Amino acid sequence: MIVDLRIAVRTHACLLLLPLLVATGCKQSTPLRPAPLLLQGAVDIEVNRLLDSIQVTHTDTIGAWIFAHGSIDGYPVIVSRTLMGAAHAAAATALAIDRYHPRAILNIGTAGGYDTALHYGDIVIGQSAVSLAAFKSPPLPAHGGSHPLEWTAMDLVPRPGEVNNLLHEGTATQFSADSGLLAAAHRAQAYTTGRKVVDGVIGTSDFWNQELDRIAFFRQHWHVSVEEMETVPAAQVASIFKIPFLGIRVVSDNVPNGELAFDPRTADAVQDFAMRVVHEYLGRL
Ligand code: SAH
């Protein structure tokens, strides 16, 4: 009888507060909190300035991944250190989406320039990202060598409605940036002085490529501006969950320009630019 009464009281309260409770699942104690922004960088040098900026309240460690919670302009933000490479980036993105339901994802970091117009410290806003990781080779006999420029690109992402997974040959996996995040990056670009900031194509694979012919091949086919190791897998997972995504990279090396040495100091510039993008994005929410 007492139990019934409690249920009746709770049901009545739920009905009165219906508009609010739809969002909270009728948990009276859960305050309404906006979905956080997720800021990703692979390694410490790519997240340390972000961590300094968000006034970290607590950090979750899940396996090898850390997720630091804080805020920017009063808005909840999570900084995620994804670790390097595709598998790490995809796993960190999936974990963050499942646990924290981010409103949008900004993936930032260093990258190797392919475009000779880009130098140390220049920033590329990833209008799109293309996978440089999936290829099918023509058959060759033993001692036939290996000829990467003859490989055909593949897209492993299923098309809408596709039942069986097919290898889509002749096309690479590509993702376009979210228009809202891109617009915020363009507004941030307008504020940036003394540094080149351009739109471009980010190419991703677990590969550090220093072969000029291969670089030319990727530029010819996909107009790749910079190569790195995380953007596409993070974008791929984000796209499955329909979460707005943007990649931003700073040039830390550039083989075609002979800038072979990786310069870790460039990571500061991309974090500072990302903070500007976040301010612009939040300002229009
Ligand atoms: N500490 C490393 C440098 C990092 S390189 C060293 O010992 O040299 C790997 C990271 O930098 C990856 O997260 C990748 O996204 C990025 N990166 C920078 N330049 C790159 C390049 N030319 N090719 C591939 N990844 C690059």
Side-chain angles (χ1 to χ4, degrees), residues 38-51 64-66 79-93 96 105-126 128-135 148 172-173 175 177 195-198 200-219 221-238 245-274:
L38 181 67
L39 308 183
Q40 302 176 308
V43 291
D44 287 340
I45 57 159
E46 293 167 333
V47 295
N48 52 11
R49 280 170 94 89
L50 297 177
L51 291 171
W65 294 279
I66 59 156
V79 173
S80 155
R81 192 195 60 191
T82 66
L83 302 179
M84 280 190 271
H88 282 135
T93 307
I105 301 175
L106 206 53
N107 181 297
I108 66 153
T110 57
Y114 279 5
D115 184 344
T116 50
L118 297 173
H119 297 276
Y120 284 124
D122 290 341
I123 285 174
V124 174
I125 299 168
S128 68
V130 59
S131 169
L132 306 178
F135 293 91
T173 304
F175 297 96
R195 177 178 303 288
K196 185 185 277 181
V197 181
V198 296
V201 179
I202 299 172
T204 308
S205 68
D206 286 350
F207 197 98
W208 190 293
N209 175 22
Q210 299 191 89
E211 296 177 350
L212 287 177
D213 287 352
R214 192 168 166 84
I215 289 171
F217 178 82
F218 291 148
R219 279 194 63 68
H221 286 275
W222 297 288
H223 312 290
V224 176
S225 319
V226 285
E227 72 164 26
E228 48 72 72
M229 303 186 181
E230 294 85 19
T231 303
V232 164
Q236 192 167 337
V237 174
F245 180 95
L246 175 69
I248 302 176
R249 292 281 154 172
V250 65
V251 174
S252 54
D253 46 279
N254 185 314
V255 173
N257 283 340
E259 298 165 12
L260 299 190
F262 175 83
D263 183 353
R265 291 167 304 172
T266 55
D268 289 352
V270 73
Q271 291 173 83
D272 293 346
F273 183 72

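Source: prediction; values computed, not measured. Order of listing sets the numbers, starting from 1, for every ligand and every atom in it. Counting from 1, the numbers follow the sequence of the chain as shown.
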Peer 1: Taking atom types as modelled and ignoring hydrogens, do the side chains of Q40 and N107 form a donor-acceptor contact shorter than 3.5 angstrom?
Peer 2: yes

Peer 1: Run the side-chain contact (heavy atoms from CB on, under 4.5 Å) test against I66 and tell me which residues pass, sequence neighbours left out.
Peer 2: T59, T61, R81

Peer 1: For the NE2 atom of H119 and the CG atom of N257, what is their distance to the nearest 0.5 Å?
Peer 2: 4.5 Å

Peer 1: So does R49 get a backbone contact from the side chain of D268, meaning a donor-acceptor N/O pair under 3.5 Å?
Peer 2: no

Peer 1: Looking at E230 and R249, is any side-chain nitrogen of the basic one under 4.0 Å from a carboxylate oxygen of the acidic one?
Peer 2: yes

Peer 1: Enumerate the protein residues lying less than 4.0 Å from ligand 1, judged by heavy-atom distances, in chain and residue-number order.
Peer 2: A42, M84, T110, A111, G112, F207, W208, E227, E228, M229, E230, R249, S252, D253, F262

Peer 1: Would you say the side chains of T110 and E228 form a donor-acceptor pair under 3.5 Å?
Peer 2: no

